[in-house]
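Bear in mind that the values here come from a model prediction, so they are computed numbers and not experimental data. For this chain, numbers begin at 1 and follow the sequence in order.
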Amino acid sequence: MKYLIFFHFISLIVSAQNLSPEEQKKLIEENKILKDQLQKSKNPAPDSVKIMEALKRGEKFQKEQNQMLEELDKED
C-alpha cells in the first residue's frame, strides 16, 4: 500500500511539469493529502495508544484489587 502511494506521488510530480498552473495546484494539494495519509499509516494513532495505556492501567488495578480480596478472604 505504501509503495502504491509513493509510486502515485512520484508519477504526479513527473506529470506536473506538463500541466497548467491550476492542475499543478490540485496535484500539490493531492500530494499533501497523500503525505498525511502515509505519515498516519507509519505512526500509530495517538488515541489508540492512550486507550491501550488506560487498558493496561485498568488491568493492573484489577489485579491489585483481586489480590487484596484474596488476602481479606484468607484473614476471615
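Taken to the nearest 0.5 Å, the CD atom of Q65 stands 7.0 Å off from the CG atom of L69. Put simply, NZ on K74 and CD on E70 are 6.5 Å apart, with the number rounded to the nearest 0.5 Å.
L38 is linked by a side-chain contact (heavy atoms from CB on, under 4.5 Å) to K2, S41, K42, counting only residues two or more places apart in sequence or in another chain. With sequence neighbours left out, E53 forms a side-chain contact (heavy atoms from CB on, under 4.5 Å) with V49, R57. When the side-chain contact (heavy atoms from CB on, under 4.5 Å) test is applied to L55, the partners found at least two apart in sequence or on another chain are I51, M52.
Around the CD atom of E22, the shell of radius 6.0 Å holds no more than 12 heavy atoms that belong to other residues, nucleotides or ligands.
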>> Assess the residue pair L27 and Q24 against the criterion (side-chain contact (heavy atoms from CB on, under 4.5 Å)); give the C-alpha distance rounded to whole Å, side-chain angles, the decisive distance to 0.1 Å, and a yes or no.
In response: CA-CA 5 Å; L27 289 178; Q24 289 178 1; 5.7 Å; no
